[in-house]
Amino acid sequence: MVEITIDDVQLQLPSNWKEATPEQLLTLCALHLMVKSPFDLLTQWLHFITGLKPLKREPVIRRDDNEESGFTKSYWYKLGKKEVLINEAAIAALVRQLDWVFEVTEVDENDENTPLVFRFNPKVYDNPIPAYDGLIGPAGGLNNCIYGEYADAENHFFKFTETRSADDLTNLIATLWRPKVDGLTVSSVDYKGDLRIPFNPFYTEQIAKQVAKWPEHIRQCALLFYLGCRYNLSQEFDLVFEAGEKDEEGEQGTGETGETMDIVRFHLAITHLLANKSVNERETVRAQYLYDVLDTLQKMREEAALMQQQNPANGTTEF
């Protein structure tokens with residue numbers, strides 16, 4: 001966190017995705033849909049985080065020979081019960097503390113055509129929307145998800161990265177956010193870390209009708225969370241996600257974005273794991289916890305790497 005002081009008032013600004021609160025993330029997503037200028041977006045987000053409320057007063061202009069323009073301009077804000085005067089350069093400096101949100105931080109705040117692109121792989125690990133509209137979301141890091149629902153979510157995500165279709169995003173969310181099991185609580189004997197009804201791909205369409213009506217900033221925040229979870233998985237199970245795709249000539253594929261490459265690597269690994277398995281065996285894998293499946297794949301990669309070190313003449317062992 002970045003510690004700041006405004007007129008003897010101590011405040012904190014998040015310095016990365018993990019430090020932002022759920023309320024701050026939801027507000028950011030709402031602003032992202034409404035505000036075109038990156039500078040204006042971060043300024044309004046700064047106001048929300050700090051509680052600064054701009055007052056409708058004329059700015060105070062003072063002569064300052066140290067400034068290139070020869071003067072400084074300050075604005076009045078309300079902070080709690082205080083009214084404070086803050087130099088515009090100081091506000092700009094605070095806004096720059098939040099520019100980690102975007103891929104490109106050096107943008108022209110006067111250019112309304114500058115695209116707002118959230119930094120890929122935001123590290124939003126904890127679910128900022130644990131429950132909404134009667135649906136329960138997955139645990140932080142997707143650590144209570146089974147492989148089957150993650151595989152379906154990845155398929156919807158892959159389609160979304162290609163089409164940017166609202167329907168694909170809706171299906172992604174509907175795969176992970178599901179109704180609560182009647183009567184189940186965290187203190188129930190049958191509680192196993194998940195209050196959601198068991199994953200059923202045939203029920204996703206029904207849930208999607210409900211998710212389609214969610215406010216867009218809620219849906220965008222759910223997407224940020226999913227991106228963060230994918231990034232965390234790629235770091236924890238790095239060998240699973242490093243294989244990459246090879247084309248017909250054996251060249252390593254690059255893909256246009258990191259989004260598609262992660263999906264390709266994951267499916268290559270899963271294809272190898274499920275090879276020569278019966279339908280029942282494949283369904284058994286789909287029902288296993290996601291982290292257990294990825295741990296198995298990670299160990300397979302470690303063993304393959306060890307075999308390659310011991311027998312380099314046999315060539316590289318691939319998935």
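Source: prediction; values computed, not measured.
- For the pair E154 and R230, the salt-bridge criterion is met [side-chain N within less than 4.0 Å of a carboxylate O].
- In this structure, T175 OG1 and E149 CD are separated by 8.0 Å, a value rounded to the nearest 0.5 Å.
- For the pair V181/D194, no side-chain contact is recorded, criterion being any heavy-atom separation below 4.5 Å from C-beta on.
- Nearest heavy-atom pair, V60 versus R62, reported as atom, atom and distance to 0.1 Å: CG1-NE, 3.7 Å.
- With R178 contributing its side chain and I197 its backbone, the two residues share a donor-acceptor pair below 3.5 Å.
- Contact check on E216 versus R219 returns a salt bridge, with a Lys/Arg side-chain nitrogen under 4.0 Å from an Asp/Glu carboxylate oxygen.
- Of the inter-residue distances, the one linking Q220 atom CD with C29 atom SG reads 6.5 Å to the nearest 0.5 angstrom.
- The minimum heavy-atom distance linking V186 with Y191 is given by the pair O-CD2, 3.4 Å.
- Clustering ILVMFWY residues whenever any of their side-chain heavy atoms sit less than 4.5 angstrom apart, transitively, puts F199 in a cluster other than the one holding L176.
- Geometrically, R57 engages W76 in a cation-pi contact defined by less than 6.0 Å to the ring centre and at most 45° from the axis.
- Taking hydrophobic clusters as Ile, Leu, Val, Met, Phe, Trp and Tyr residues chained together by side-chain heavy-atom distances below 4.5 Å, L184 does not share a cluster with I146.
- Looking only at distances, a side-chain donor or acceptor of E19 sits under 3.5 Å from a matching main-chain atom of S15.
- With hydrogens and angles disregarded, no donor-acceptor distance shorter than 3.5 Å links the side chain of Q298 to the backbone of D295.
- Side-chain atoms of E205 and N171 form no donor-acceptor pair, as typed in the model, at a separation below 3.5 Å.
- Hydrophobic clustering of Ile, Leu, Val, Met, Phe, Trp and Tyr side chains at less than 4.5 Å, counting indirect connections, unites W100 with V2.
- Contact of the T72 side chain with the I61 side chain is not registered, since no non-hydrogen atoms from C-beta on lie closer than 4.5 Å.
- L172 is not listed as a side-chain neighbour of N155, based on a closest heavy-atom distance of 4.5 Å or more.
- Figure legend: R164 and F160 shown as a cation-pi pair, the cationic atom lying under 6.0 angstrom from the six-membered ring centre and within 45 degrees of its axis.
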Intermediate values then yes/no, side-chain contact (heavy atoms from CB on, under 4.5 Å), L55 and Y77: CA-CA 5 Å; L55 297 175; Y77 295 86; 5.6 Å; no

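- Residue Q288 places its CD atom among more than 12 non-hydrogen atoms of other residues, nucleotides or ligands, all under 6.0 Å distant.
- With hydrogens and angles left out, the side-chain atoms of W214 and D133 include a donor and acceptor closer than 3.5 Å.
- For the atom pair T204 OG1 and I173 CD1, the distance stands at 12.5 Å (nearest 0.5 Å).
- Taking a cutoff of 4.0 Å between a charged side-chain nitrogen and a carboxylate oxygen, K53 and E83 do not qualify as a salt bridge.
- With S188 contributing its side chain and D190 its backbone, the two residues share no donor-acceptor pair below 3.5 Å.
- The main-chain N or O of G193 is found under 3.5 Å from a side-chain atom of N144 such that the two form a donor-acceptor pair.
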Please test L169 against F157 for side-chain contact (heavy atoms from CB on, under 4.5 Å), starting from the C-alpha separation and ending with a verdict. CA-CA 7 Å; L169 177 56; F157 178 72; over 6 Å; no

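- Checked against C221 for a side-chain contact (heavy atoms from CB on, under 4.5 Å), the options L28, I129, N127 give a single hit: I129.
- Residue E58 places its CD atom among 12 or fewer non-hydrogen atoms of other residues, nucleotides or ligands, all under 6.0 Å distant.
- Taking the charged nitrogens against the carboxylate oxygens, R286 and D152 do have a contact shorter than 4.0 Å, which makes a salt bridge.
- Using modelled atom types, one side-chain atom of N143 and one backbone atom of G140 make a donor-acceptor pair closer than 3.5 Å.
- The aromatic rings of Y226 and Y150 sit tilted, their planes meeting at an angle between 30° and 60°.
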Report the C-alpha separation of K299 and T296 in whole Å, then their side-chain angles, then the decisive distance to 0.1 Å, and conclude whether the side-chain contact (heavy atoms from CB on, under 4.5 Å) test is met. CA-CA 5 Å; K299 290 177 180 177; T296 298; 6.0 Å; no

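- The CG atom of L98 sits 5.5 Å away from atom CH2 of W45, with the distance rounded to the nearest 0.5 Å.
- Interatomic distance, L11 CG to I49 CD1, rounded to the nearest 0.5 Å: 10.5 Å.
- Using modelled atom types and a 3.5 Å distance limit, the side chains of Q10 and T5 yield a donor-acceptor pair.
- Residue K82 holds its NZ atom at 10.5 Å from CD1 of I6, rounded to the nearest 0.5 Å.
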